[in-house]
Amino acid sequence: MLSFLSQRCCCNDFQLGPAWILWRFGYSARLLKTNHYRTAASNTSSPAVWMLLAQRSGRIPALFAAVQKRRIFTMPETAQDNTNPELYSPHPEVRGMTLLNREAFKRTVVVPALKVKKEIVHTLLKSLKHTVLQRPGLKRVVEDPEDEDSKLVILDPHKIPEFSLGESEKEVLKQLHISPEVSKYNLELTYENFKSEEILRAVLPEGQDVTSGFSRVGHIAHVNLRDHQLPYRHLIGQVIVDKNPGITCVVNKTSIIDSTYRNFQMEVLAGENNLVTKVKENNFTYELDFAKVYWNPRLSTEHGRIVELLKPGDVLFDVFAGIGPFAIPAARKKCVVFANDLNPESYHWLLHNCKLNKVDNKIKAFNMDGRDFLLGPVREELRKELTLAKEQKTAFHIVMNLPALAIEFLDVFRHLLVGEPCSTAVLPTVHCYGFSKHENPAKDIQERAEAALGASLEGRCSTYLVRNVAPNKEMLCITFQIPADVLYKRPCPAGEPAPKRLRTCKAFTEEDLQS
């Protein structure tokens, strides 16, 4: 329970370090100083300006709040009250609790109230809307036990320090013929009346980070708890379930993402042990087993951005397709789609979601290593399509969303095809994702891509910031058309023997591609 204190106490403004604030809202100081590439959010003003606003007003500018809302669903964090540090604080005895006891949060506090005739209660609420209690879950108007013709209107203890009305409030009451006498009312607070961060702030050790953002995946809340929070993990999980309608399961990641199948070990902290869930993204529905496949709700905007670049009739090769967030919208857009994933579970859910979204007859799905997919189906399809006509209007896009490793696969494009390009206009466009901890992430990812391709991309690529993964770690997408001298191996001059054709791990026939 939260205690309402009638006397006013002053406390220092709740201060957040600049680096923490930048990280919390998905930015880093060095990125805000960099203008070498576009970002996923709108252009921002000077960091110093909004930081000053944040420090002085206690609020983050709306622009950054909007960016945060778009990227991740979080358990909201509320700045501490500057008037009364104990207001909205549960009973001190809950400190150190590891097993949630809701009854321990029950508390009775004394708050100011006005006695008002029933017929003018509504008028008073409108006139004193900034003075009456606005606490979610608590009634602003209660019965008067001493007078059935009157009601008690609960006032905000912050606005009525020492139970004394201001001149403006007294004038309102005078006009409505209401007595300015402020009564004391015993208000009972229970676990249900507290917000998540208020409960955790009261339970966890003082001075430590107590709030925890989480990603929402259907009915699942996914948290990444820090070491000092682990003893309280089951309590934290139960609080999240209690305070977030629709969340029925909370999991904590216990290992890093496996580089092979892009999944990770997790522990169920609270709720049902059911990790098969349904999510909606950009008007599409996906079902998945969160324990066995990769899904990141923070990438919704990026999925939509890439699909927006495609036109009906274009060809999309999705090398690391997962459960289909690029492939399925592209197929609905009447693109020709080849989708692949090495993880058998991802492949299973990819096929399932193709049927769920009624595009199963528009996507050719593969369960292969990404390198074999590029050397097999992708090469065969490019060889066939790029030689059909000199005036090819179809655009070819290759999406490689495996940030930890995708750049290492770019060497596959070296001399992938043999012959002369019909037209540079139809050279495939690659969208390759990568992580960077470099001081200049855009330069870093471009140099690594150039090293893999064996050719310069200067003036021929664009780099897009997707999101901040961690402090000093960014996820970016580099987009470029494969240079003709990289993609094509020129025919040997007459009289010289032709080299042996490269063998792939699997021979791909026309029948294979149609399956």
Side-chain angles (χ1 to χ4, degrees), residues 1-9 75-76 78-94 100-166 168-202 238-247:
M1 316 194 181
L2 299 174
S3 96
F4 285 56
L5 298 184
S6 58
Q7 59 182 8
R8 187 168 186 169
C9 299
M75 185 164 54
T78 303
Q80 292 205 23
D81 183 82
N82 294 331
T83 305
N84 190 331
E86 293 187 16
L87 187 62
Y88 305 143
S89 296
H91 197 285
E93 291 182 0
V94 303
L100 183 61
N101 177 11
R102 297 175 181 84
E103 288 298 314
F105 288 81
K106 189 176 293 185
R107 192 175 191 179
T108 300
V109 294
V110 179
V111 295
L114 288 172
K115 183 173 182 177
V116 183
K117 291 296 182 181
K118 289 182 177 180
E119 57 268 20
I120 59 174
V121 167
H122 183 68
T123 303
L124 179 66
L125 290 177
K126 291 177 63 177
S127 301
L128 294 183
K129 62 182 179 181
H130 298 299
T131 306
V132 297
L133 185 67
Q134 300 289 344
R135 184 70 177 169
L138 292 177
K139 294 181 178 181
R140 295 179 295 172
V141 181
V142 297
E143 297 293 334
D144 184 349
E146 300 177 355
D147 185 355
E148 62 180 16
D149 294 326
S150 299
K151 296 278 190 178
L152 293 179
V153 176
I154 310 300
L155 304 179
D156 187 344
H158 280 172
K159 307 294 177 62
I160 312 297
E162 300 179 358
F163 289 70
S164 178
L165 293 171
S168 60
E169 289 86 4
K170 290 179 180 179
E171 183 61 30
V172 170
L173 297 182
K174 182 178 179 180
Q175 294 177 5
L176 296 175
H177 305 290
I178 300 173
S179 171
E181 181 182 354
V182 178
S183 304
K184 294 183 178 182
Y185 178 77
N186 292 327
L187 180 66
E188 184 178 86
L189 300 174
T190 67
Y191 172 81
E192 285 69 26
N193 301 133
F194 297 106
K195 299 176 183 178
S196 300
E197 70 277 7
E198 294 165 350
I199 294 172
L200 299 183
R201 184 178 292 119
Q238 190 58 55
V239 171
I240 292 175
V241 170
D242 291 344
K243 299 297 180 177
N244 294 273
I247 296 291

Run the numbers on Val141 and Leu125 for side chain to side chain contact (heavy atoms under 4.5 Å, CB included), then give the verdict.
CA-CA 9 Å; Val141 181; Leu125 290 177; 3.9 Å; yes

Considering all heavy atoms of both residues, which atom of Ala113 and which atom of Ile154 are nearest to each other, and what is their separation?
CB-CD1, 4.1 Å

The reported gap from OG1 in Thr131 to CG in Leu124 (rounded to nearest 0.5 angstrom) is 9.0 Å

Test Val111 against Leu155 for side chain to side chain contact (heavy atoms under 4.5 Å, CB included), laying out the working first.
CA-CA 7 Å; Val111 295; Leu155 304 179; over 6 Å; no

With sequence neighbours excluded, residues passing side-chain contact (heavy atoms from CB on, under 4.5 Å) with Glu93:
His91

Between Pro112 and Val182, which heavy-atom pair has the shortest distance, and what is it?
CB-CG1, 3.6 Å

Shortest non-hydrogen separation from Asn193 to Gly137 and the atoms involved:
ND2-O, 3.3 Å

Check for a donor-acceptor pair, side chain of Lys115 on one end and backbone N or O of Ser179 on the other, with a separation under 3.5 Å.
no

Approximate separation, where rounding is to 0.5 Å, of Leu133 CG and Arg140 CZ
8.5 Å

Val116/Leu176 under side chain to side chain contact (heavy atoms under 4.5 Å, CB included): CA gap, chis, key distance, verdict:
CA-CA 10 Å; Val116 183; Leu176 296 175; over 6 Å; no

The reported gap from OH in Tyr185 to CG in Leu114 (rounded to nearest 0.5 angstrom) is 14.0 Å

Tell me, with the steps shown, if His122 and Lys126 meet side chain to side chain contact (heavy atoms under 4.5 Å, CB included).
CA-CA 6 Å; His122 183 68; Lys126 291 177 63 177; 3.6 Å; yes

Nearest-0.5 Å distance, CD of residue Glu169 to CD1 of residue Ile160
5.0 Å

Pairing donors with acceptors under 3.5 angstrom, does anything connect the side chains of Glu192 and Thr190?
yes

Under 3.5 Å, which donor-acceptor pairs do the side chains of residues 142-153 form with other protein atoms, sequence neighbours left out?
residue, atom, partner, partner atom, Å
Glu143, OE2, Lys151, NZ, 2.4
Asp144, OD1, Glu146, N, 3.0
Asp147, OD1, Asp149, N, 3.0
Asp147, OD2, Ser150, OG, 3.0

Report the distance from atom CD1 of Ile178 to atom CD1 of Ile120, rounding to the nearest 0.5 Å.
3.5 Å

For the NZ atom on Lys174, are there more than 12 heavy atoms of other groups (residues, nucleotides or ligands in this structure) within a distance under 6.0 Å?
no

Who are the side-chain contact (heavy atoms from CB on, under 4.5 Å) partners of Lys243, not counting sequence neighbours?
Tyr191, Ser196, Ile199, Val239

side-chain contact (heavy atoms from CB on, under 4.5 Å) against Gln238, all qualifying residues, sequence neighbours excluded:
Leu100, Arg102, Val241, Asp242, Ala270

